[in-house]
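All remarks here apply to the structure that follows.
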Protein chains: 2
Amino acid sequence: MKKFMNTAETMVAESVDGFVRAHADFVVFGTDRQCVRRRHLTPGKVAVISGGGAGHEPMHIGFVGQGMLDAACVGHVFTSPTPGQIIGAIEEADNGAGCLLIVKNYDGDIMNFEMAMEMAAGRHAVEMVIVSDDIETARIGEGRGRRGVAGTLIVEKIVGAAAEQGRPLAELKLLGDGLNGRIRSMGVALTGVTVPHTQRSTFTLGATEIEMGVGIHGEPGHSRQPFSTADDIVRYLCETISRDIDVQPGTKALLFINGLGGTPPAELYLAFNAARRFMEERSIPVERSLVGTYVTSLDMQGLSATLALLTKEEMTLWDAPVATGALRW
Amino acid sequence: MKKFMNTAETMVAESVDGFVRAHADFVVFGTDRQCVRRRHLTPGKVAVISGGGAGHEPMHIGFVGQGMLDAACVGHVFTSPTPGQIIGAIEEADNGAGCLLIVKNYDGDIMNFEMAMEMAAGRHAVEMVIVSDDIETARIGEGRGRRGVAGTLIVEKIVGAAAEQGRPLAELKLLGDGLNGRIRSMGVALTGVTVPHTQRSTFTLGATEIEMGVGIHGEPGHSRQPFSTADDIVRYLCETISRDIDVQPGTKALLFINGLGGTPPAELYLAFNAARRFMEERSIPVERSLVGTYVTSLDMQGLSATLALLTKEEMTLWDAPVATGALRW
């Protein structure tokens with residue numbers, strides 16, 4: 001396994017260092033490097049905080065900045081940040097209006113974020129939104145049901161924009177929960193993911209095999225399928241996610257093709273082309289789109305498709321300005 | 001070779017289709033799909049046009065938009081666009097103030113862009129800036145000397161910003177030529193690049209080998225080296241590029257770590273961290289930075305380091321707003 005790293009022990013710290021230095025105009029480390037936060041926090045604004053294991057970069061640190069997150073905590077590879085890190089972020093980012101935690105639905109993350117909430121009780125008003133957009137990992141029976149994957153970006157962008165408008169904590173919590181019910185994702189892998197500490201792939205695929213329904217931690221999917229054309233693969237993803245979501249009157253679709261780490265931009269745009277055509281044939285009008293490598297699984301070659309049905313208000317919040325390391329408009 | 005594609009014959013067209021649809025708010029196809037251009041051209045402004053072979057996405061179509069390019073032509077994989085495409089772009093984008101062509105230094109590209117200039121003679125004022133930032137490919141003896149690689153982005157950004165201010169063609173030509181002399185790049189590959197038509201890799205590396213000094217078309221580099229730490233690899237790149245450029249008084253450094261297609265963001269940030277440390281140790285103050293996958297070689301796992309020494313004016317142009325598919329601030 002060849003990767004640009006020095007040691008498995010230092011790779012996360014060195015990568016986050018690089019990120020913070022590359023974007024030093026608007027992010028800084030929190031005290032004791034417990035989080036990465038905005039350089040300038042806005043008084044009176046609800047702090048939107050997220051975090052999770054490393055290995056998914058640019059998520060979440062790449063979403064810290066104007067119009068999105070106030071702070072993000074980074075754990076070890078595929079491991080939740082500690083309650084100590086999270087309470088550190090809460091203490092640093094809370095400007096008096098409380099904190100909204102956006103958490104991907106994994107047992108480890110939920111446990112640690114809940115513990116931090118308990119530690120903050122009485123001193124900080126804290127609410128939590130759990131993102132669970134991955135329709136395939138539900139079937140693996142991980143207890144908490146569907147996990148949070150690329151759709152997390154959409155929740156963080158829209159809730160972040162609403163927080164920037166000065167909306168109160170309770171309203172942001174409602175917005176996030178409502179949104180989560182209308183986002184569906186599914187991923188496909190052409191290769192497994194190489195975990196740095198073990199130097200091993202979590203699963204191995206043959207030259208003509210793909211893994212359908214993968215998670216972002218190298219979890220195997222629900223089926224191994226023969227490699228096929230981009231049209232076939234994307235159709236399978238899009239059929240599955242669009243079947244699982246009620247296309248409600250008054251909502252508009254956002255279609256997001258996300259690279260899982262090792263997939264070049266040209267292939268992502270090609271897959272987007274196929275996905276958009278699929279949605280149009282099903283009379284699902286795609287009003288907004290996003291194509292790029294945002295929520296990764298280390299070096300995995302693969303992609304995920306996310307369909308979000310947004311209200312008019314949510315669409316306006318999606319369009320609102322954002323200035324982060326990874327997302328900017 | 002597993003890629004997200006349908007056929008090798010249609011992959012470029014489908015990918016460009018996906019790009020244009022994903023960014024339909026500000027780009028459109030030119031007549032007969034000869035180029036991708038801004039939806040709204042600015043009267044009286046010099047048109048900045050680029051282009052080249054496909055396989056380097058998001059370059060150049062990802063740089064079309066406010067503050068950067070007016071139009072870009074896409075050839076087949078690793079093949080120059082035709083003179084017909086280029087003259088099409090000139091005719092469409094020229095708003096009366098003339099056109100500046102930004103061309104990477106390859107025989108095929110230069111021949112076709114020069115042919116288009118001849119075809120335009122008498123009807124359009126056209127100048128050309130040739131970018132040749134790749135210090136390693138000079139040694140391969142390709143006739144025209146150093147090739148154009150990731151540094152092209154910097155020329156297109158800065159000249160594009162100057163064009164947006166309404167500066168005349170002759171001035172933009174001088175700006176671009178001057179800039180090119182102060183940009184150096186070098187690339188390293190962990191894997192070869194798989195060419196879709198042949199389904200073959202242009203060179204094959206063992207599990208503990210890297211290729212130092214690679215071009216962006218799968219050209220082999222100047223030496224095969226043993227795989228090593230990110231610090232070692234990045235130090236080699238940075239030593240080579242910084243030795244080759246005069247650090248002049250009054251200029252400030254822009255450091256750009258570019259992914260070659262299959263390298264995940266976390267590794268790029270880690271490499272940036274090492275590169276920035278190197279430059280600081282050499283008293284080269286890095287005033288601006290860019291980290292991401294912008295100038296690719298299909299699915300190659302690898303990266304390039306680019307050092308640009310900018311004048312104060314060029315730095316202001318670098319900072320000026322840009323709104324394209326790939327670059328936005």
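Numbers restart at 1 for each chain; the letters A, B, ... are given by sequence-line order, proteins then strands. Since the structure is predicted, the reported quantities are computational estimates derived from the model, not experimental observations.
Chosen from B/Asp231, B/Val188, B/Asp299, the residue pairing most often with chain A at heavy-atom distances under 4.5 Å is B/Asp231. Per-residue heavy-atom pair counts under 4.5 Å with chain A were compared for B/Thr229, B/Asn6, B/Ile233, and the maximum is reached by B/Asn6. No other option in A/Ala271, A/Pro58, A/Ala22 has as many heavy-atom pairs under 4.5 Å with chain B as A/Ala22. The candidate with the highest count of non-hydrogen atom pairs below 4.5 Å against chain B, out of A/Pro265, A/Gly325, A/Ala207, A/Ser289, is A/Pro265. The most heavy-atom pairs under 4.5 Å with chain A, out of B/Met1, B/His23, B/Arg277, come from B/His23.
Without hydrogens or angle criteria, A/Lys252 side chain to A/Pro285 main chain gives no donor-acceptor distance under 3.5 Å.
Within the structure, every pair that satisfies the salt bridge (charged side-chain N to carboxylate O under 4.0 Å, His left out) test and touches residues 5-19 of chain A, not counting sequence neighbours, is listed here: A/Asp17-A/Arg33.
In this structure, chain B has a heavy atom under 4.5 Å from the side chain of A/Phe227, while its backbone stays farther away. Heavy-atom distances place both the backbone and the side chain of B/Leu190 under 4.5 Å from chain A. No part of B/His56 comes within reach of chain A, as not one of its non-hydrogen atoms sits under 4.5 angstrom from that chain. Residue contact with chain A, scored on non-hydrogen atoms closer than 4.5 Å, involves the side chain of B/Thr296 exclusively. Contacts of B/Arg276 with chain A are made by side-chain atoms alone, with heavy-atom separations under 4.5 Å and no backbone atom involved. For B/Phe272, the part sitting under 4.5 Å from any heavy atom of chain A is the side chain, from C-beta outward, and nothing else. Using a 4.5 Å cut-off between heavy atoms, B/Leu298 contacts chain A through its backbone alone, with no side-chain atom that close. For B/Met300, no part sits under 4.5 Å from any heavy atom of chain A, backbone or side chain.
Shown here for B/Ala72 and B/His60, the closest heavy-atom pair between the two residues is CB-CB, 3.8 Å. Heavy atoms only, all atoms of each residue included: A/Met68 and A/Leu153 are closest at CE-O, 3.6 Å. Minimum interatomic distance between A/Val12 and A/Ala54 (heavy atoms only, all atoms of both residues): CG2-CB, 3.5 Å. The nearest pair of heavy atoms linking B/Met315 to B/Leu310 is SD-CD1, 3.8 Å. Taking both residues in full, the closest heavy atoms of A/Pro81 and A/Gly53 are given as CD-N, 4.2 Å, listed atom of the first, atom of the second, then distance.
More than 12 heavy atoms of other residues, nucleotides or ligands sit less than 6.0 Å from atom CZ of A/Arg282.
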Exercise for the section: Quick one: do B/Glu280 and A/Arg21 satisfy salt bridge (Lys or Arg N to Asp or Glu O under 4.0 Å)? Show the steps, please. Expected result: CA-CA 12 Å; B/Glu280 281 170 357; A/Arg21 305 201 76 172; 3.0 Å; yes
